[in-house]
A.B. asks: 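Handing you a structure now.
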Amino acid sequence: MDVKQKVKLVIERLKTLYPDAKIALKFENPLQLLISTILSAQCTDERVNEVTAKLFQKYRTAEDFAKASLEELAEDIKSIGFYQQKAKYIKEACRILVEKYKGEVPKTMESLLELPGVARKTANIVLANTYGIVEGIPVDTHVRRLSQRIGLVKANQPEKIEKELMEIVPKEKWFIFPHLLQAHGRKVCLARKPKCEECVIKDLCDAYTSTN
DNA sequence: CTCCCGATAT
DNA sequence: ATATCAGGAG
């Protein structure tokens, strides 16, 4: 089957299964989403939400994070992995926000990529989910795993996967596509033990059809 | 490529 | 015990 036709069917079926698929990180403004997304690296969104519930009470502006003590900030996010690195990223990123952008989160890919701890995945998420600016497709662990299993892409590096996906997913679906794959990745197409028998797209999946 | 790294599922 | 979790930097 043509890969674009496969993408169309995957989106149709997953949309029926997850009609309310959207970002799982909780946030009230662009700054909160930026921080949450930096924190979410190699960590479940659920735990990020637990930590940020308290964190965003304590730190309300970019300036609050920028002038925070690094040790204290690290301690406040300790239950998340990579907490020392992430504390540095957040403090430094917020210092730049205050210095260059009046404490606000910039609206361009180029500006976001200058922030430490921010690459295309994080920038795509922030732009799309706060400003409605869809420049690409965020490739996280779920988008990567499912795209590879289904057989939508051949590449192994996130940036190359994003490029391949941008060529086969219609642009008007760039926003919903990663949300659908993430929802399916968390509930059915699990990393360790995928529940293939209950999967609504198993007939379209290379990983399934090649072994069954 | 390695390193960062705690919490949870298997 | 080990793999995995909405990755990114050096």
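Residue numbering restarts at 1 for every chain, and letters A, B, ... go by the order of the sequence lines. Being a predicted model, the structure only gives us computed values, none of them experimental.
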A.B. asks: If you pin A:F82 and A:E50 to their nearest nucleotides in DNA chain B, which one's is more 5'?
C.D. replies: A:F82

A.B. asks: Looking at A:E167, I want to see if its CD is surrounded by more than 12 non-hydrogen atoms of other residues, nucleotides or ligands under 6.0 Å.
C.D. replies: yes

A.B. asks: With a strict under 4.0 Å distance from non-hydrogen atoms of chain A, what nucleotide opens and what nucleotide closes the contacted stretch of DNA chain B, reading 5' to 3'?
C.D. replies: B:dC4 to B:dT10

A.B. asks: When you measure from every atom of DNA chain C, which of residues 120-140 of chain A have a heavy atom less than 4.0 Å away?
C.D. replies: A:K121, A:T122, A:I125, A:D140

A.B. asks: Could you list all the side-chain hydrogen bond (donor to acceptor under 3.5 Å, both in side chains) pairs where at least one residue sits in residues 16-30 of chain A, not counting sequence neighbours?
C.D. replies: A:Y18-A:H184

A.B. asks: For the CD1 atom of A:I90 and the CG atom of A:L73, what is their distance to the nearest 0.5 Å?
C.D. replies: 5.5 Å

A.B. asks: Let me see the working for A:T130 and A:V105 under side-chain contact (heavy atoms from CB on, under 4.5 Å), right down to the final yes or no.
C.D. replies: CA-CA 10 Å; A:T130 63; A:V105 178; 6.0 Å; no

A.B. asks: Listing request: all ring-ring contact (aromatic ring centres under 6.0 Å, His included) pairs with a residue in residues 57-92 of chain A, at least two apart in sequence or in separate chains.
C.D. replies: A:Y59-A:F65

A.B. asks: Whether the side chain of A:K160 engages the backbone of A:A155 through a donor-acceptor N/O pair (distance < 3.5 Å, no angle test) should be reported.
C.D. replies: no

A.B. asks: Could you state the atom-to-atom distance from NZ of A:K187 to P of C:dA6 in whole Å?
C.D. replies: 13 Å

A.B. asks: Roughly, in whole Å, what's the span from CZ in A:R186 to P in C:dA6?
C.D. replies: 6 Å

A.B. asks: Can you tell me which residue pairs pass the ring-ring contact (aromatic ring centres under 6.0 Å, His included) test with a partner in residues 187-212 of chain A, sequence neighbours excluded?
C.D. replies: none

A.B. asks: Separation of A:Y83 atom OH from C:dG8 atom C1', in whole Å?
C.D. replies: 18 Å

A.B. asks: Restricting to salt bridge (Lys or Arg N to Asp or Glu O under 4.0 Å), what partner residues turn up for A:K15, sequence neighbours left out?
C.D. replies: none

A.B. asks: Dump the intermediate steps for side-chain hydrogen bond (donor to acceptor under 3.5 Å, both in side chains) on A:T37 and A:S40, then the final yes or no.
C.D. replies: CA-CA 5 Å; A:T37 311; A:S40 72; 5.2 Å; no

A.B. asks: Taking atom P in both C:dA6 and B:dC4, compute the distance separating them and give it to the nearest angstrom.
C.D. replies: 22 Å

A.B. asks: Considering residues, nucleotides and ligands other than A:Q5, do more than 12 of their heavy atoms fall under 6.0 Å from its CD?
C.D. replies: yes

A.B. asks: Can you tell me which residue among A:E162, A:E159, A:E135 is in a side chain to side chain donor-acceptor pair (under 3.5 Å) with A:R120?
C.D. replies: A:E162

A.B. asks: Mind checking whether A:Q157 and A:I161 have side chains closer than 4.5 Å, heavy atoms only?
C.D. replies: no

A.B. asks: Scan residues 148-175 of chain A for pairs that pass ring-ring contact (aromatic ring centres under 6.0 Å, His included), counting only residues two or more places apart or in two chains.
C.D. replies: A:F175-A:H179

A.B. asks: Looking at residues 141-178 of chain A, who's got a heavy atom less than 4.0 Å off DNA chain C?
C.D. replies: A:T141, A:H142, A:R145

A.B. asks: Enumerate the side-chain hydrogen bond (donor to acceptor under 3.5 Å, both in side chains) contacts for residues 137-148 of chain A, please, sequence neighbours excluded, ordered by first and then second residue.
C.D. replies: A:H142-A:R145, A:R144-A:N156, A:Q148-A:N156

A.B. asks: For residues A:A123 and A:L113, report the shortest heavy-atom separation together with the two atoms involved.
C.D. replies: CB-CD2, 4.2 Å

A.B. asks: Please give me every residue in residues 84-100 of chain A whose heavy atoms get under 4.0 Å of an atom in DNA chain B, ordered by residue number.
C.D. replies: A:Q84, A:Q85

A.B. asks: Using whole Å, what does the distance between atom C1' of nucleotide C:dC5 and atom NZ of A:K193 come to?
C.D. replies: 19 Å

A.B. asks: Which residues satisfy the salt bridge (Lys or Arg N to Asp or Glu O under 4.0 Å) test with A:R47, sequence neighbours excluded?
C.D. replies: none

A.B. asks: More 5' along DNA chain C: A:L113 or A:T37, using each one's nearest nucleotide?
C.D. replies: A:T37

A.B. asks: Does anything in residues 9-35 of chain A come within less than 4.0 Å of DNA chain C? Heavy atoms only, and list the residues if so.
C.D. replies: A:I23

